[in-house]
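These notes are about the structure you will find just below.
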Amino acid sequence: MGVDLSDLVAEVKRELSLSEVKGKKVGIDAYNAIYQFLAAIRQFDGTPLMNREGKVTSHLNGVFYRTVNLLEEGIIPIYVFDGKPPEMKSQELENRRKIKEEAERKLERAREEGKIEEVRKFSQMTSRLTSDMAKESKELLGFMGIATVQAPSEGEAEAAYLNSKGLTFASASQDYDSLLFGAIRLIRNLTISGKRKLPNKDIYIEIKPEIIDSSLLVKKLEITREQLIDIAILVGTDYNPDGVKGIGPKKAYRLIKTFKRIENIDKKELDPEMIKFDYKKIREMFLNPEVSLPSVPLDLRDPDPEKIIQFLVKENDFNEERVKGAIQRLQKAMRDLRDMGRQTGLDQWF
DNA sequence: CTCTATTA
DNA sequence: TAATAGAGG
């Protein structure tokens with residue numbers, strides 16, 4: 001699940017005021033977002049939302065309403081979808097698969113024993129994001145007039161690339177990887193309604209969007225992006241999930257601050273035998289990931305209300321009144337954005 | 001996660 | 001008006 005840089009980032013992260021993102025494009029790690037929808041949008045017993053054919057629709061629900069909300073705040077989402085995962089990620093993907101299988105076994109048991117809370121928890125953990133779901137999400141976003149970008153490989157890398165090229169204002173994801181991939185700004189918790197249930201507890205906490213400025217981060221830590229990557233590699237990334245045993249963010253930071261890069265670390269400080277992965281190759285994955293310029297313009301287009309209704313209401317059994325209401329909000333939000341674009345000379349349309 | 005009706 | 005519970009597909 002990405003790199004845990006939370007300790008290092010803690011000092012430079014700040015609350016995002018939605019006004020500073022108004023009228024701007026934000027790249028969204030689509031898989032990251034959809035996965036959260038699949039895990040969270042469920043009944044009390046853990047059943048996801050489904051249409052009459054039994055096909056899961058939780059992702060469509062989340063994508064639709066979240067997108068309308070962002071646009072109402074004047075934020076223009078650009079959804080970036082994963083392509084083919086790099087070979088280097090196979091270990092991590094295998095780990096996730098095993099965790100999921102284990103959760104499926106536990107789910108089975110919880111069902112047998114009638115433990116509702118557990119059924120819910122393990123249902124969430126067994127969420128699967130299928131290629132159909134990605135396709136359907138892209139289709140819906142297309143009807144809404146929102147640009148989607150197909151990454152050649154890692155979505156997170158592509159979103160960072162868009163950001164570094166100035167095509168977006170920031171990259172939105174829960175993972176910190178974008179910073180390693182070269183994003184200028186990372187936004188976490190990019191939601192409008194700020195409530196979330198604490199795991200295993202009946203407590204709701206306020207979740208506020210936060211922004212991390214990569215230039216501020218490297219300045220504060222007095223390191224380069226390449227050195228941040230080295231720190232992440234020591235701690236563990238998706239390409240070397242275990243990192244180096246006994247090394248956490250604090251120690252990794254001290255080592256890289258002192259010795260500048262992994263190959264220079266004093267053998268007395270870190271036994272090279274402890275490094276059980278090709279760190280040069282991993283470093284290269286973050287420094288020069290496989291990315292491509294988007295094949296479509298990222299500007300907003302006019303939404304197609306009839307297609308939205310056909311897709312969500314007719315084909316996926318969404319409530320017509322709700323959908324129509326949201327379409328109204330969508331259209332107004334887009335009009336407002338267009339007006340603002342005219343005034344500032346930054347028109348999002350042609 | 002987000003929406004909406006209900007409640008205070 | 002704001003907070004909360006329950007449903008959404």
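Chain naming here is simple, since letters A, B, ... match the order of the sequence lines and numbering starts at 1 in each.
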Q. Can we say A/D336 and A/K22 salt-bridge, meaning some charged N sits less than 4.0 Å from an Asp/Glu carboxylate O?
A. no
(Q) Heavy atoms only, 4.0 Å cut-off, all strands: where does A/R42 land among base, sugar-phosphate and nothing? (A) base
Q: Quickly work out the A/F318 CZ to B/dT4 C1' distance and round it to whole Å.
A: 16 Å
Q. Rounding to a whole Å, what distance do you find between A/E320:CD and C/dG9:P?
A. 12 Å
**Q.** d(CG, A/L330; P, B/dC3) in whole Å
**A.** 12 Å
Q. How close or far is atom P of B/dC3 from atom CD of A/Q328, stated in whole angstroms?
A. 15 Å
Q) ring pair (Phe, Tyr, Trp, His ring centres under 6.0 Å) with A/F181: which residues, sequence neighbours excluded? A) A/F286
Q. Does a side-chain N-to-carboxylate-O contact under 4.0 Å join A/R283 and A/E263?
A. yes
Q) Whole-Å distance between C/dA7 P and A/I41 CD1? A) 16 Å
Q | A/R66 side chain, from C-beta outward: closest of B/dT2, C/dG8, C/dG9 | A | B/dT2
(Q) Any side-chain N or O of A/N319 below 4.0 angstrom from OP1/OP2 of C/dA7? (A) no
Q. Please give, in whole Å, the distance from B/dT4 P to A/N69 CG?
A. 10 Å
Q. Are A/K106 and A/E118 within salt-bridge range, i.e. N to O under 4.0 Å?
A. no
Q) Over how many whole Å does the gap from A/H59 atom NE2 to C/dG8 atom P extend? A) 18 Å
Q: For A/N61, report the nucleic acid contact type (base, sugar-phosphate, nothing); a contact means any heavy atom under 4.0 Å.
A: base
Q.
Please determine whether a side-chain nitrogen or oxygen atom of A/R329 lies at a distance below 4.0 Å from atom OP1 or OP2 of B/dC3.
A. yes
Q: Provide, to the nearest angstrom, the distance between the CG atom belonging to A/L312 and the P atom belonging to B/dT2.
A: 16 Å
